[in-house]
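A short write-up of the structure that comes next.
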Amino acid sequence: MARIGVIALQGDVSEHVLAMQRALQGKGEVIEIPKAGLIPSCSGLVLPGGESTTISRQLANSGMTEELKAAAKAGVPILATCAGLVLVSKDIGGDAKVKPLGLMDIKIDRNAFGPQRESFEADLQVDGFEKPYRAIFIRAPAIAMAGAGVQVMARVGEAIVAARQKNLLALAFHPELTDDTRFHQIFLKMLEA
Ligand code: GLN
């Protein structure tokens, strides 16, 4: 049975727990991960949105950084959203307050949409989706550059806002805040693989 761990240091943890429970429909459990020692027991992980500076510091302090890196390397599927997307990248353009985990071959632009577009919604054309996906962006970062091994799934203008590399699914928006579970379904398929 699937056991999904939501990294519970800061950010919209409870929304992610509820959204994942909805998507799983009883076919697995969701736990919150506030400290080291639990990550190795999970078959899938979620890195929520929030403040990447804070989450980055707390990951290091809690000893979870190495556990996360080991899980990613072992092929455990990871859903990274918004601040989580910043954290899984390998390059955030010289912002010393955040230590990215370097799990995905992407470069981040943390202020991709500027302060005047703090939050907005957009209908995305997503690779493999028949109908547009209505996405909620909140002070969203974007992927400015993606390596050859990264599958780009959606863009807003030039900015990449959804991408996949092997066991990592990274989204600049908040799939946990809408009823549309299509990105969660992709993640659950990754678990079965
Ligand atoms: N801009 C935030 C950061 O860099 C992310 C915002 C969010 O997760 N909603 O941490």
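Starting from 1, each residue takes its place in the sequence as its number. This one's a predicted model, so the numbers in the text were calculated from it and none came from an experiment. Counting starts at 1 for both ligands and their atoms, following the listed order.
- Shortest contact from atom 10 (O) of ligand 1 to any protein heavy atom: S52 N, 2.6 Å.
- If you check each of P141, G49, G50 against atom 2 (C) of ligand 1, the one with the closest non-hydrogen atom is G50.
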Next on the checklist: Let's go through E130 and R182 carefully: what are the C-alpha distance in whole Å and the side-chain angles of both, what is the deciding distance for salt bridge (Lys or Arg N to Asp or Glu O under 4.0 Å) to 0.1 Å, and is it a yes or a no?
Outcome noted: CA-CA 11 Å; E130 249 168 57; R182 282 179 287 176; over 6 Å; no

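- Residue-to-ligand polar distances place I138 within reach of ligand 1: an N/O pair is separated by less than 3.5 Å.
- At a 3.5 angstrom cut-off on N or O pairs, H174 counts as close to ligand 1.
- Nearest protein neighbour of atom 1 (N) of ligand 1, counting heavy atoms only, is R139 O, 2.9 Å.
- Among residues two or more places apart in sequence or in another chain, the salt bridge (charged side-chain N to carboxylate O under 4.0 Å, His left out) test is passed with E66 by none.
- You'll find the ring centres of F129 and F183 inside the 6.0 Å limit.
- In terms of polar-atom proximity, defined here as any N/O pair under 3.5 Å, C82 makes no such contact with ligand 1.
- Residues meeting the salt bridge (charged side-chain N to carboxylate O under 4.0 Å, His left out) test with K166, sequence neighbours left out: none.
- Side-chain polar atoms of T181 and Q185 form a donor-acceptor pair below 3.5 angstrom.
- Classification of the Y133-F173 ring pair by plane angle, with boundaries at 30° and 60°, yields tilted.
- Nearest residue to atom 4 (O) of ligand 1 from E51, R110, K97 is R110 (criterion: closest heavy atom).
- Below 3.5 Å of separation, one finds no N or O of T81 facing any N or O of ligand 1.
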